Structures are given as structure tokens and as C-alpha cells.
Amino acid sequence: EEMNKGVDLYAGGQYQQAETHLEKATSLAEENYQAWYNLGIIRVALKKWPEAAEAFAGAVENKADEPMYLYHLGQAQYESGKTEFALSSLQKAIELNDRLYKAHYFLGKVYEQLGKPKEAAQAWTKSASMAPSFSKSFLALGRLYLRWDMLAEGVAVLEAGLAKAVAKQERADLYYHLGLAQEKQGNHKEAAESYSEAIAENIGADSAEGSQITL
């Protein structure tokens with residue numbers, strides 16, 4: 001009953017109240033992995049990453065064979081700065097379900113933090129191949145190619161991301177980095193056009209606090 005109240009409140013955008021009911025649900029039934037999972041989702045919405053990791057860990061403890069629980073645990077651990085723990089959780093999630101493209105994306109982020117760019121590139125490439133509309137993998141891979149001065153590859157990846165990206169902020173980021181690659185290639189006209197597109201998309205991005213291109 002407490003879990004259902006929390007889920008309903010979350011659906012209505014009342015995150016703080018939802019968290020209270022889910023916390024009560026997990027205290028009443030510690031083995032209720034669904035309550036732990038929903039508590040984790042609510043805490044993600046509240047940007048309470050360490051607390052979200054604790055909740056997802058509770059879900060995994062009671063249902064260790066659910067790849068989605070492990071993926072969310074890995075993401076929360078990554079966002080909390082617990083890189084080594086995130087690596088283990090994400091690898092386990094992928095072992096159970098190799099089609100979790102977001103798990104591959106965050107695995108790439110973990111490898112990047114660990115100073116393993118080649119492994120990061122492999123993870124992002126796999127994520128991008130499985131989900132062409134998930135532009136974050138294309139952006140991450142494109143930025144990596146730019147750091148390696150693999151400009152042609154970077155341009156190709158960023159253009160592929162733009163072909164499917166819908167969200168204005170994501171398109172702004174892709175256009176900006178495409179402009180950087182084109183400028184390094186000496187294609188100044190194309191770079192100027194890409195920067196102009198980045199500015200246009202960035203201005204149109206929906207954000208109550210304003211938007212800013214991710215460098």
C-alpha cells in the first residue's frame with residue numbers, strides 16, 4: 001500500500017512525498033525489491049545520487065538477476081563518484097542483457113574516468129549501433145575522436161548523431177562539436193554553419209534556467 005501511494009505521487013510529480021512513502025514501504029518489507037527500485041527512481045529524479053545508489057543496491061540485493069536494477073545501480077554509482085563499483089555493476093548488467101544500450105553508454109563514461117579511452121570508444125560505439133536515436137553515445141564518441149585528432153571519424157559520428165537527434169540541447173551539443181572538428185580540418189565555412197546551428201538550437205532549447213552547450 002505504501003509503495004503504491006509513492007508510485008502514484010511520483011506520477012503526479014510530488015517527488016518528496018513519494019520518497020517518504022517508498023522509504024516507509026522498504027522499512028516495512030525490506031525484501032520488496034520493487035519498492036527499493038521505485039525509491040531509487042524517485043531519488044534519481046531528485047538528483048540524490050548516493051541515496052539512489054543505496055536504494056538500487058537494495059533492489060539488487062533482493063533480485064540480483066534483474067539487469068535493469070544493476071544498470072540503474074551502476075549509473076547511480078557513477079554519478080556518485082564510485083567509479084570502480086559502477087564498473088562492476090554495469091558489467092554485470094550487460095552480462096545479463098547485452099542490449100542495454102544505456103548501460104554500454106555509462107560503461108564508456110566509467111572507462112573514460114578510469115583512463116581507458118579505447119574501451120570507452122568500444123562501449124560508445126556499441127551503444128550507438130544499438131540505439132541510433134540515443135545521441136549521447138554519438139556525442140561522447142565524437143568528442144573522443146576530436147581529442148585523438150581523428151577528425152574525419154569525428155565528423156562522421158557527429159553527423160550520424162544529428163541525423164536522429166531530436167532534443168534541441170542535444171542537437172546544439174552535436175553541432176558545436178561538429179563545428180570544432182570542421183574548424184580543425186580547415187573547413188571554416190562548414191564550421192561557421194555548424195556553430196550557427198548550435199546557437200539556434202541552444203536558444204530554442206527548453207530550460208527554465210537557460211541552456212548551455214556542454215564543452
Side-chain angles (χ1 to χ4, degrees), residues 1-114 119-120 122-124 126-137 139-140 166-167 169-170 206-208:
E1 183 179 348
E2 289 295 333
M3 182 182 74
N4 291 336
K5 286 179 181 178
V7 171
D8 289 341
L9 287 165
Y10 171 75
Q14 300 180 61
Y15 299 158
Q16 295 285 358
Q17 298 93 322
E19 182 183 23
T20 299
H21 285 283
L22 264 299
E23 286 173 344
K24 188 172 182 180
T26 56
S27 67
L28 290 170
E30 293 185 2
E31 76 284 356
N32 188 340
Y33 53 85
Q34 290 179 319
W36 284 112
Y37 173 72
N38 285 306
L39 178 58
I41 293 296
I42 289 167
R43 287 174 171 174
V44 168
L46 292 168
K47 303 298 182 184
K48 298 168 69 170
W49 291 108
E51 293 84 355
E54 291 176 4
F56 290 129
V60 170
E61 183 178 347
N62 289 284
K63 191 169 177 60
D65 60 348
E66 175 49 63
M68 284 297 293
Y69 294 175
L70 284 159
Y71 150 61
H72 282 289
L73 174 59
Q75 179 190 2
Q77 289 169 330
Y78 166 77
E79 298 289 357
S80 301
K82 298 180 178 179
T83 310
E84 294 289 350
F85 290 102
L87 177 64
S88 176
S89 298
L90 292 166
Q91 287 175 333
K92 289 177 182 177
I94 290 169
E95 286 175 7
L96 291 169
N97 184 356
D98 191 53
R99 300 298 299 173
L100 292 177
Y101 63 90
K102 289 186 179 180
H104 284 286
Y105 167 73
F106 279 103
L107 183 60
K109 299 286 282 184
V110 168
Y111 280 134
E112 184 180 37
Q113 280 199 351
L114 292 174
E119 289 84 349
Q122 291 171 352
W124 289 328
K126 190 155 190 176
S127 176
S129 67
M130 288 189 289
S133 62
F134 186 66
S135 65
K136 290 183 178 180
S137 297
L139 178 61
V166 175
Q169 187 60 61
E170 294 178 3
D206 296 328
S207 173

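Remember, it's a predicted structure, so these values are computed and weren't measured experimentally. If you read the sequence from its start, that first residue is 1, and numbering goes on from there.
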Point to revise | salt_bridge(E170, K136) N-O dist < 4.0 Å | key: no
Check your understanding: Are more than 12 heavy atoms from other residues, nucleotides or ligands located less than 6.0 Å from atom NZ of K5?
Key -> yes
Exercise for review: Output, in order, the C-alpha distance, side-chain angles, deciding distance and verdict of side-chain contact (heavy atoms from CB on, under 4.5 Å) for Y111 and L87.
Suggested key: CA-CA 8 Å; Y111 280 134; L87 177 64; 3.9 Å; yes
Practice item. Might you confirm whether atom NZ of K102 has over 12 heavy atoms from other residues, nucleotides or ligands at distances under 6.0 Å? Key: no
Practice item. Could you go through the side-chain contact (heavy atoms from CB on, under 4.5 Å) check for L90 and L70 one step at a time? Key: CA-CA 6 Å; L90 292 166; L70 284 159; over 6 Å; no
Check your understanding: So do the side chains of F106 and Y71 get within less than 4.5 Å of each other, counting heavy atoms only?
Key -> yes
Check your understanding: Where is the tightest heavy-atom contact between A64 and L96, given as atom of each residue plus distance?
Key -> O-CD1, 4.0 Å
Practice item. First locate atom CG of N38, then atom CD of E19, and finally report the distance between them rounded to the nearest 0.5 Å. Key: 12.5 Å
**Study point:** Heavy-atom closest contact (A35 atom, L22 atom, distance)
**Key:** O-CD1, 3.3 Å
Check your understanding: Under 4.5 Å between any side-chain heavy atoms of I94 and R99, yes or no?
Key -> no
Exercise for review: For atom CD of Q91, decide whether the heavy atoms of other residues, nucleotides or ligands shown that lie under 6.0 angstrom number more than 12.
Suggested key: yes
Study note, to complete from the structure: Shortest non-hydrogen pair, W36 vs E30, comes out as NE1-O, 2.8 Å
Exercise for review: Kindly state whether the ring of F134 and the ring of Y105 have centres lying under 6.0 angstrom apart.
Suggested key: yes
Review point. What is the ring orientation for Y37 with H72, classed by angle as parallel under 30°, tilted 30 to 60°, or perpendicular over 60°?
Key: perpendicular
Practice item. Side-chain contact test, heavy atoms from C-beta onward, threshold under 4.5 Å: evaluate it for D65 versus K63 and give yes or no. Key: yes
Review point. Are any of the side-chain nitrogens in R43 or E51 under 4.0 Å away from the carboxylate oxygens of its partner?
Key: no
Practice item. Over all heavy atoms of both residues, which pair between M130 and H104 is shortest? Give the atoms and the distance, please. Key: CE-CD2, 3.1 Å
**Study point:** Presence of salt bridge, E79 and K47, under 4.0 angstrom
**Key:** no
Study note, to complete from the structure: Applied to residues 14-34, the ring pair (Phe, Tyr, Trp, His ring centres under 6.0 Å) test, sequence neighbours excluded, yields Y10-Y15
Check your understanding: If every non-hydrogen atom of A120 is compared with every non-hydrogen atom of G108, which pair is closest and at what distance?
Key -> CB-O, 3.3 Å
